[in-house]
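Sequence positions, counted from 1, serve as the residue numbers for this chain. In listed order, ligands and their atoms are each counted from 1.
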Amino acid sequence: MNTVGTPHFAYRQNELYAEEIPLAQIEAAFGTPTYVYSRSALSANLEAFQRVLASHPAGANSLVCYAVKANSNLAILNLFARLGAGFDIVSGGELERVLAAGADAGKVVFSGVGKTEAEMEQALNAGILCFNVESAAELERLNLVACRLGKKAPISLRVNPDVDPKTHPYISTGLKTAKFGVPIEDALALYEKAAALPHLQVEGIDCHIGSQLLDPSPFVEALERVLQLLDALTTRNIPIHHLDLGGGLGIRYRQQDSEPSVDSYLRPLLDRLQGRGLKIILEPGRRLVGNAGLLLTRVEFLKPGEGKNFAVIDAAMNDLMRPALYEAWHEIQEVRRQPGSQTAVYDVVGPVCETGDFLGQDRALAVAPGDLLAVMSAGAYGMAMSSNYNTRPRAAEAMVDGDKIHCIRRRETVAELYALEQKLPD
Ligand code: LLP
């Protein structure tokens with residue numbers, strides 16, 4: 001039987017495997033909690049985008065720029081770079097990371113509302129593909145920094161099409177009320193300003209409306225608005241060479257959910273772009289990594305209660321923050337299933353001193369202390385958003401590739417957590 005999202009995590013004789021490796025073997029090698037990724041799932045997820053783009057005339061000139069924020073492990077970045085991907089970054093740190101992972105700077109786009117002068121300088125010196133500029137003030141700052149370096153900065157404006165992505169409010173970004181982008185009504189005037197600044201080169205239009213969209217129709221609505229802007233720019237002699245349509249395609253988190261195919265998301269967009277000769281950039285994050293990863297954890301104690309039973313595990317909100325932060329649902333599955341065994345309903349909680357420290361609530365599980373559990377769909381915004389709260393070393397990360405296991409991040413030691421701190425002098 002398969003688990004949510006990917007055929008690369010599946011049961012064989014009641015034992016959960018990652019590709020050819022039983023998860024229990026990963027626990028034996030690395031302990032818990034450990035993030036486990038499937039190389040085949042990661043590759044297949046990227047190739048699904050590349051295949052649809054390659055199959056459509058409007059996708060002939062296109063680039064998938066993986067949104068690094070979803071999971072920035074070097075091994076994952078390197079794998080995507082080898083498969084031809086570019087990267088969407090939001091900080092100088094992410095730029096350094098993608099270059100260390102072997103990325104081509106000419107395939108990097110730089111998003112984010114608060115780029116510092118130092119980050120702009122770093123990206124100009126690296127020779128990135130495009131800055132996705134989010135305000136008038138940023139245009140001016142970038143022009144000055146580029147002037148200082150004697151360069152021209154390639155830019156897109158991130159426009160805010162005011163489309164409702166119908167997703168969680170914390171991850172909606174394209175509404176008027178969001179801090180992101182510039183209102184589409186102001187974009188024309190800002191493009192005219194950008195075109196007049198001597199150290200900027202207008203290249204494209206950028207738009208990202210939100211994350212975890214399970215209905216692709218808002219993407220089409222946003223594209224319609226972007227195309228109106230593009231036509232208005234063309235009549236004003238500001239040529240546009242690429243459209244960056246952002247990320248946001250959702251994944252299946254619950255057993256009963258369905259997710260739109262990459263084809264059903266991209267094809268209507270590509271049909272609409274047919275004949276325009278534009279380069280198309282996409283910035284998927286979650287869809288490439290979310291269901292290619294799980295969090296492996298061990299049950300420490302069972303704690304029966306009056307109103308609730310708790311299964312206390314060795315992973316916590318500091319390892320996977322999404323349930324605490326967004327009330328997000330992740331399937332939680334026994335690594336070893338015993339057919340016919342009795343289940344009980346548990347809140348699956350970590351050892352952190354917060355009531356919000358749960359990874360799942362009201363879950364029917366057949367577990368005993370010492371058993372392994374898999375928290376599914378944890379490849380995106382899992383490790384990337386983890387912290388050391390409660391002086392907890394962050395989880396190890398392992399990548400399975402067929403019948404091989406690679407450690408792609410060893411577990412931190414406690415000494416490393418306070419290595420940068422100093423006691424006061426006597
Ligand atoms: N491009 C831009 C400009 C973005 O802001 C984002 C995500 C992406 C691309 C990638 O979006 P994706 O394809 O992954 O949906 N921490 C939240 C998600 C925050 C998304 C932020 N921006 C979560 O755990 O659900």
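Between Glu283 and ligand 1, an N or O atom pair is found at a separation short of 3.5 Å. Considering backbone and side-chain N/O of Asp88, one or more are found under 3.5 Å from N/O of ligand 1. Taking distance alone, with nitrogen or oxygen atoms compared against 3.5 Å, Ala70 stays at or beyond that limit from ligand 1. In terms of polar-atom proximity, Gly210 is not counted as a contact of ligand 1, lacking any N or O under 3.5 Å from an N or O of the ligand.
No part of Phe180 comes within 4.0 Å of ligand 1, judged by heavy-atom distances. The backbone and the side chain of Arg286 each have at least one atom closer than 4.0 Å to an atom of ligand 1 (non-hydrogen atoms only).
For Asn45 against Ala292, the heavy-atom pair with the smallest separation is ND2-CB, 4.1 Å.
Counting atoms of ligand 1 from 1 in the listed order, those under 4.0 Å from a heavy atom of Ala67 are 8 (C), 9 (C), 10 (C). The distance from ligand 1 to the heavy atoms of Gly247 drops below 4.0 Å at these ligand atoms: 9 (C), 13 (O). Atoms of ligand 1 found under 4.0 Å from any heavy atom of Gly248 (numbered from 1 in listed order, with element): 11 (O), 12 (P), 13 (O), 15 (O). Within ligand 1, counting atoms from 1 as listed, the ones closer than 4.0 Å to a heavy atom of Lys69 are 2 (C), 4 (C), 5 (O), 6 (C), 7 (C), 8 (C), 21 (C), 22 (N). Heavy-atom contacts of Met385 reach the following atoms of ligand 1: 16 (N) (cutoff under 4.0 Å). Close approach to Gly285 involves these atoms of ligand 1, each under 4.0 Å from a residue heavy atom: 12 (P), 13 (O), 14 (O). For ligand 1 and Pro284, the ligand atoms under 4.0 Å from any heavy atom of the residue are 13 (O).
For the side chain to side chain contact (heavy atoms under 4.5 Å, CB included) test, residues two or more places apart in sequence or in another chain that qualify with Arg148 are Glu117, Glu121, Val145. With sequence neighbours left out, Glu134 forms a salt bridge (Lys or Arg N to Asp or Glu O under 4.0 Å) with Arg158.
Ligand 1 lies out of reach of Gly246, whose nearest heavy atom is not under 4.0 Å from it. In this structure, Arg158 has a heavy atom closer than 4.0 Å to ligand 1. Within the 4.0 Å heavy-atom cutoff, Arg287 does not count among the residues contacting ligand 1.
The side-chain heavy atoms of Ile280 and Leu278, taken from C-beta on, include a pair separated by under 4.5 Å.
Looking only at atom types and distance, the side chain of Ser386 has no donor-acceptor partner in the side chain of Arg392 under 3.5 Å away. Counted by atom type alone, Tyr35 and Asn73 present zero donor-acceptor pairs between their side chains at under 3.5 Å. At a cut-off of 3.5 Å, with distance as the only test, a side-chain donor of Asn291 or Ser377 sits close to an acceptor on the other residue. With no hydrogens or angles considered, no side-chain donor-acceptor pair links Ser387 and Asn318 at under 3.5 Å.
Surrounding CD of Glu96 are at most 12 heavy atoms belonging to other residues, nucleotides or ligands under 6.0 Å away.
The existence of a salt bridge linking Glu94 and Lys69 is excluded, since no basic side-chain nitrogen approaches an acidic carboxylate oxygen closer than 4.0 Å.
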